[in-house]
Number of protein chains: 2
Amino acid sequence: MGLTKTDTYSTEIIELSGIIKALGHPARMAIVSYLANTPNCITNDIVEELPLSQATVSQHLRELRNVDLIKGDIEGTSVCYCLNTEKLNKVISYFSEIMKVTDKFKCC
Amino acid sequence: MGLTKTDTYSTEIIELSGIIKALGHPARMAIVSYLANTPNCITNDIVEELPLSQATVSQHLRELRNVDLIKGDIEGTSVCYCLNTEKLNKVISYFSEIMKVTDKFKCC
DNA sequence: TTAATATATTGCAATATTACGATTAAATAA
DNA sequence: TTATTTAATCGTAATATTGCAATATATTAA
């Protein structure tokens, strides 16, 4: 019997890679960092903070929302965004686990 | 004085977003996971492990190499890859720091 | 009501990513 | 030497991402 390729990826990897992909852009990292450091997290503040147009920032916010990394509360005409720390913890846990199982000495 | 947009992103965010972007793909996450769990890390094993062609796996390996997440040692006609745990730790540290500074209660 | 403000969405161009077959290069085996 | 093996690269098609101007939507203010 030949060597077997996996048919697909595990559910865990598919979900996590989506979250990590969303994090892998300077603008979206800046947004996440900003939300972590700023108590009042109004969209317009983020737009002012970033070197991008309002439309582009809104698009990045949507991507972060899509993977549930942030959550937006409508407050009148503004939207207050905040981090979903649970998702961020999932990412940290995944990589911490990898670090834990890595056998640093047997490898090249 | 108006509100000031940042001209660009910090060096730290630019470097880290590159690493995280490289990690944000199921194939590359699978490679990283495989390398962490497998003592002998020959390229061909990774090719067999993944649902992708040799050319595509090689391309993914190059992307991981480009951001210095993995390192390949040529051993005769094979290449033995291993993780650069230092880079992985940088990612963990960055997100851990964000978790640390996040003020969960002041936010929406 | 109309105007102003804050966000989201649409449409679109430029660029990047993903995947693969075919080819190349480099090392070993016959 | 020639064949085989292993991995990287090239060329290319399909798709996705990024960014923005323009527009739409929705809430508050006048």
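Keep in mind that the numbers below use all heavy atoms, side chains included, and drop hydrogens, waters and symmetry copies.
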Using the 3.5 Å cut-off, write out each protein N or O paired with an N or O of nucleotides 26-30 of chain C and the distance between them.
none

Review point. Among the nucleotides C/dA8, C/dG21, D/dT9, which one has an atom lying closest to any side-chain atom of B/S58?
Key: D/dT9
Practice item. May I ask you to decide if the ring planes of B/H25 and B/H60 are parallel, tilted or perpendicular, using 30° and 60° as cut-offs? Key: tilted
Review point. For D/dG19, does either OP1 or OP2 sit under 4.0 Å from a side-chain N or O belonging to A/H60?
Key: yes
Check your understanding: When rounded to the nearest 0.5 angstrom, what distance separates OG in B/S93 from CG in B/L16?
Key -> 9.0 Å
Revision key, fill the gap. Nearest heavy-atom contact between B/L50 and A/K5 is O-NZ, 2.9 Å
Study note, to complete from the structure: Result for 5'-nearest mapping on DNA chain C, choosing between B/H25 and A/V79, is A/V79
Exercise for review: Please tell me if the side chains of B/D7 and A/P51 come closer than 4.5 Å, counting only heavy atoms from C-beta onward.
Suggested key: no
**Study point:** Nearest-Å distance for atom pair CD/P, residues B/E63 and D/dA16
**Key:** 16 Å
Practice item. Would you indicate which nucleotide in D/dA7, D/dT9, D/dT18 comes nearest to any side-chain atom of A/R28? Key: D/dT18
Review point. For A/L52 and D/dA21, what is the distance between atoms CG and C1' respectively, to the nearest whole Å?
Key: 14 Å
Point to revise | Donor-acceptor pair (no angle test) under 3.5 Å: B/Q59 side chain, D/dA8 base | key: no
**Study point:** Nearest-angstrom distance from the residue atom CD1 of B/I31 to C1' of C/dT18
**Key:** 13 Å
Point to revise | Minimum-distance nucleotide to A/K21 side chain [options: D/dA8, D/dT17, C/dC20] | key: D/dT17
Check your understanding: Given C/dA8, is OP1 or OP2 found less than 4.0 Å from the side-chain N or O atoms of A/R62?
Key -> no
Point to revise | Rounded distance in Å - CG (A/N66) to C1' (C/dT9) | key: 13 Å
Study note, to complete from the structure: Picking from C/dA6, D/dC20, C/dA22, the nucleotide nearest the side-chain atoms of B/A55 would be C/dA22
Study note, to complete from the structure: From CG of B/L64 across to C1' of C/dT18 the rounded distance in Å is 14 Å
Point to revise | Nearest-angstrom distance from the residue atom CG of A/N44 to P of C/dA8 | key: 11 Å
**Study point:** Atom-to-atom span, CG of B/L61 to P of D/dT6 - whole angstrom
**Key:** 16 Å
Point to revise | Note, A/L69 side chain near A/N84 side chain (heavy atom, < 4.5 Å) | key: no
Review point. When you measure from the side chain of B/S58 to the backbone N and O of B/Q54, does any donor-acceptor pair fall under 3.5 Å?
Key: no
Practice item. Please work out if B/Q54 contacts a base, only the sugar-phosphate, or nothing of the nucleic acid, heavy-atom cut-off 4.0 Å. Key: base
Practice item. Could you tell me whether the phosphate oxygens of C/dA8, OP1 or OP2, come under 4.0 Å of any side-chain nitrogen or oxygen in A/Y81? Key: yes
Exercise for review: Using atom CG of A/D73 as one end and atom C1' of C/dA6 as the other, report the distance to the nearest whole Å.
Suggested key: 16 Å
Review point. Would you call B/E63 and B/K21 a salt bridge, taking side-chain N to carboxylate O under 4.0 Å as the test?
Key: no
Point to revise | Beyond-backbone contact of A/F95 with B/N89, side-chain heavy atoms, under 4.5 angstrom | key: no
Exercise for review: Give A/T56 one of three labels, base, sugar-phosphate or nothing, depending on what nucleic acid heavy atoms sit under 4.0 Å from its own.
Suggested key: base
